[in-house]
Amino acid sequence: MVTNSEIAKMLSQTADLLEIKGENPFKIRAYRNAARTIENSSKDFNKLVKEGFDLTKLPGIGNDLSTYIKEIVTTGKFSKLEKLKKEIPQGLVDMLAIEGLGPKRIKQIYDAFHITSLEDLKKYAENGELDKLPSFGPTLIQKILKGVKQLKKAGIRFLWADVEEIAEDIKEYLLKFPGVEIVKIAGSYRRRKETVGDLDILVVAEDYPKVSEYFIKYKRVKEVHSAGLTRSTVFLDNDLQIDLRAVSKESYGAALHYFTGSKAHNIEIRKMAIEMGMKVNEYGVYKENKRIAGKSEDEVYKAVGLCYIEPELRENRGEIEACLNNSLPDLINLGDIKGDLNINASLVDKAVKKGYKYVGIRDGEIKRDDIKIYKIIETEINKNFNISDINKKYDFLVGIVNEEIETEIILKAMEKVKFLRFFRDIKAKKELNLDFETIFSQMAKKNIILEIPSTPNALISEVLIKSAIQKGVKLSIVSAAKTDKELDFIKYGINQVRRGWAEAKDVINARNNPF
DNA sequence: GCCGTTTTCGGCCCGACTGTTTTCAGTCG
């Protein structure tokens with residue numbers, strides 16, 4: 001059985017190969033868009049195809065791609081991709097990971113020398129062969145040689161929580177510089193994505209070049225990649241890339257919107273603007289070459305006939321339509337949380353200090369008057385799951401699904417458990433491929449709560465959270481804390497459920513009484 | 001390859017930076 005992400009991967013691989021081949025860039029984008037649609041879908045494409053669902057109803061999927069997806073699902077293979085792989089050596093695809101080398105230059109190199117590996121590329125760069133190609137100067141050759149050594153770590157991403165501290169530190173550092181008015185971190189960091197690839201920082205300052213000079217002297221900068229009049233890029237000692245951009249005060253809103261993304265959201269906004277005879281860029285919104293908005297994000301959205309959309313929702317997953325139908329969610333906030341239903345018993349005092357009204361503890365038995373205590377027990381849902389094995393006393397049972405098991409077993413476990421939690425390891429890119437559509441429908445029916453662990457590496461995908469909420473499943477955001485510090489993890493859970501469109505009413509521990 | 005309240009053809013987001021030339025293409029975000 002092929003998973004959604006496997007289908008998506010095949011399509012984006014095809015896009016890479018078509019790119020090197022020099023195909024129409026818009027066709028390539030179509031493949032990438034379709035891959036994105038599939039990756040972002042909570043629906044199992046295997047199931048959709050089997051049920052005869054019309055895939056062309058989905059955004060970015062037309063007749064051709066629908067046929068291709070059906071082929072992938074039914075045969076497990078994509079003949080078009082297989083053919084391209086035979087035609088284009090893998091070495092050329094590897095070259096895409098070299099800074100400064102894109103499809104055009106790779107094709108140019110291949111056509112001239114038939115090089116098919118990074119090793120050969122290095123040789124040709126070193127012995128002066130590459131210089132012979134038009135527009136390959138000494139600087140570019142050096143860049144390529146450097147790039148071969150340190151390939152762009154494909155999609156190297158940091159957990160949001162792991163960059164939080166450094167992001168705030170750089171912000172503070174920049175604000176100390178005289179003449180710096182505003183420092184704002186945009187990009188996926190601002191959208192609170194579970195992982196971020198780099199940090200995009202905007203500054204409003206009197207004299208940008210001076211700020212840039214100061215910026216590249218930040219203590220953890222390992223390498224200065226570029227430093228221009230409006231933009232500078234550096235790498236830190238942990239390989240995190242930081243982009244700093246100068247922004248004028250009048251354009252602040254437009255720039256913030258632009259650099260917050262996501263790209264897919266921006267493209268939609270621009271399309272809307274075009275339809276209305278306007279143009280949106282990072283400097284503002286223009287009508288007949290006249291600037292009509294740009295000072296604030298609110299202004300930008302208003303200019304194109306929309307309401308303000310929270311950064312966490314800007315993924316082109318229906319937020320624009322929701323705004324137009326007046327159905328945008330009123331997102332939950334950290335301050336809405338009234339308790340934490342999965343912590344160590346030793347942390348109850350701290351929980352009281354945080355102002356929590358109740359907690360769920362995994363161990364020990366405590367009686368207290370100042371806070372309501374629920375006793376919970378965690379149990380793994382696997383083939384051998386058997387409720388009668390549990391002979392301790394408890395208020396609620398938390399079922400944990402750690403592996404891909406038959407949907408039937410999970411449905412059966414629902415007779416016994418009150419909460420369900422699903423395994424995920426973001427760094428290791430491991431997540432369960434289960435029939436969540438069916439599981440969530442049943443959970444909603446039986447009033448089983450979806451436990452959202454706030455551990456940064458175990459956050460369940462926001463796509464699944466959104467789908468669960470739509471089906472009527474309630475959430476419990478838990479820190480699963482073992483230490484004092486981990487009690488505050490709950491903010492990461494909040495970030496994630498906000499990305500999953502959660503309102504306070506969807507979250508049981510945002511209530512004074514959770515049950 | 002997708003898409004359409006002017007369109008089934010002709011568009012498809014847009015600008016900065018770099019390195020190469022000398023007006024621009026390629027790459028990147």
Side-chain angles (χ1 to χ4, degrees), chain A residues 11-12 14-15 18-37 55-69 80 95-109 130-144 146-147 152 155 186-189 196-202 208 212 224-233 241-247 251 254-255 257-286 300 304 316:
Chain A
L11 295 181
S12 31
T14 309
L18 289 173
E19 204 167 25
I20 293 171
K21 225 183 145 188
E23 263 285 1
N24 176 357
F26 298 107
K27 184 196 272 193
I28 294 161
R29 181 150 77 193
Y31 276 85
R32 295 204 203 282
N33 284 343
R36 189 177 167 279
T37 295
L55 297 177
T56 65
K57 288 214 174 89
L58 300 170
I61 297 175
N63 273 326
D64 290 6
L65 276 159
S66 162
T67 311
Y68 298 156
I69 294 165
K80 204 175 153 113
M95 289 180 201
L96 280 173
I98 294 170
E99 173 86 43
L101 273 194
K104 299 273 168 57
R105 285 177 182 148
I106 292 172
K107 188 169 188 298
Q108 211 182 338
I109 294 171
L130 282 191
D131 303 48
K132 292 176 186 161
L133 293 173
S135 83
F136 275 68
T139 317
L140 182 59
I141 305 280
Q142 283 312 307
K143 206 172 173 181
I144 291 172
K146 199 176 146 206
K152 277 185 277 181
S188 50
Y189 182 80
V196 298
D198 57 14
L199 288 181
D200 276 306
I201 309 181
L202 306 186
Y208 176 76
S212 172
V224 179
H225 178 269
S226 65
L229 286 174
T230 64
R231 202 170 100 189
S232 324
T233 298
Q241 179 182 337
I242 321 262
D243 293 328
L244 188 73
R245 296 165 201 274
V247 172
S251 304
H257 179 261
Y258 180 88
F259 290 112
T260 296
S262 66
K263 195 169 164 180
H265 174 86
N266 286 354
I267 288 175
E268 282 309 303
I269 301 285
R270 284 170 187 219
K271 275 192 200 156
M272 287 186 69
I274 291 169
E275 277 165 27
M276 297 165 78
M278 296 186 290
K279 190 176 89 167
V280 177
N281 59 25
E282 61 260 56
Y283 302 109
V285 182
Y286 297 82
V300 172
V304 295
N316 193 25

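The structure presented is a predicted model; accordingly, all values stated were derived computationally and were not measured. Just so we're on the same page: letters track the sequence lines, and every chain starts at 1.
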*Nearest 0.5 Å, what's the OH-CG distance between A/Y68 and A/N63?*
10.5 Å
*Which sits closer to the 5' end of DNA chain B, A/G102 or A/I267, going by the nucleotide each is nearest to?*
A/I267
*Any chance the side chains of A/N266 and A/E268 put a donor and an acceptor closer than 3.5 Å?*
no
*Where the side chain of A/Y31 is defined as all heavy atoms beyond and including C-beta, which of B/dG29, B/dG1, B/dG26 is the nearest nucleotide?*
B/dG1
*Paired nucleotide for B/dC9 [Watson-Crick or G-U wobble; both distances under 3.5 Å]*: B/dG4
*Kindly indicate whether the side chain of A/L130, heavy atoms from C-beta on, has any atom under 4.5 Å from the side chain of A/I144.*
yes
*Less than 3.5 Å between a donor and an acceptor, one on the side chain of A/N24 and one on the base of B/dG1, is that the case here?*
yes
*P-based separation of B/dA16 from B/dT21 [nearest Å]*: 24 Å
*Taking CE from A/M272 and C1' from B/dC3, how many angstroms apart are they, rounded to a whole number?*
17 Å
*Protein-nucleotide distance (A/L101, atom CG; B/dC28, atom P), rounded to Å*: 8 Å
*Sugar-phosphate only, base, or nothing, as touched by A/P103 at under 4.0 Å among non-hydrogen atoms*: sugar-phosphate
*asked:* For a quick check of understanding: with a heavy-atom distance under 4.0 Å over all strands, which category does A/Y68 fall into, base, sugar-phosphate or nothing?
replied: sugar-phosphate
*Could you tell me the separation between the CD atom of A/Q241 and the P atom of B/dG29, rounded to a whole number of Å?*
6 Å
*Mapping A/I106 and A/N63 onto DNA chain B by nearest heavy atom, which one lands closer to the 5' end?*
A/N63
*In whole Å, what separates the C1' atom of B/dT8 from that of B/dG1?*
14 Å
*Run the salt-bridge test on A/R245 and A/D200 with the 4.0 Å N-O cut-off and return the result as yes or no.*
yes
*A/E23 has an atom CD; how far is it from atom P of B/dC12, in whole Å?*
19 Å
*From the list B/dC13, B/dG29, B/dT27, which nucleotide is the closest neighbour of the side chain of A/R245?*
B/dG29
*What distance do A/L96 atom CG and A/I106 atom CD1 have between them, rounded to the nearest 0.5 Å?*
4.0 Å
*If we take the C1' atom in both B/dG29 and B/dC13, what is their distance in whole Å?*
12 Å
*Could you tell me the separation between the CD atom of A/Q108 and the C1' atom of B/dT27, rounded to a whole number of Å?*
13 Å
*Could you work out the separation of B/dC2 and B/dT6 based on their P atoms and round it to a whole Å?*
23 Å
_Inter-residue atom distance A/L244.CG - A/L202.CG, 0.5 Å rounding_ = 8.5 Å
*Just call it for A/K107: base, sugar-phosphate, or nothing, with non-hydrogen atoms closer than 4.0 Å on any strand.*
nothing
*asked:* Assess whether a salt bridge exists between A/E19 and A/R32, defined as any Lys/Arg side-chain N lying under 4.0 Å from an Asp/Glu carboxylate O.
replied: yes
*Check the distance between B/dG11's P and A/K27's NZ and give it to me in whole angstrom.*
19 Å
_Under a 3.5 Å threshold, yes or no: a donor from one side chain and an acceptor from the other, between A/Y208 and A/S232?_
yes
*asked:* I need the CD-P distance between A/E99 and B/dG26, as an integer number of Å.
replied: 17 Å
*A/I61 has an atom CD1; how far is it from atom P of B/dC2, in whole Å?*
9 Å
*Assign a letter to each nucleotide of nucleotides 14-24 of chain B from its 5' end: B, base within under 4.0 Å of a protein heavy atom; S, sugar-phosphate only; -, no contact.*
BSSSSSS----
*Write down the distance separating the C1' atoms in B/dT20 and B/dA25, rounded off to the nearest Å.*
9 Å
_Please classify the nucleic acid contact of A/D64 as base, sugar-phosphate, or nothing, using heavy-atom distances under 4.0 Å._
sugar-phosphate
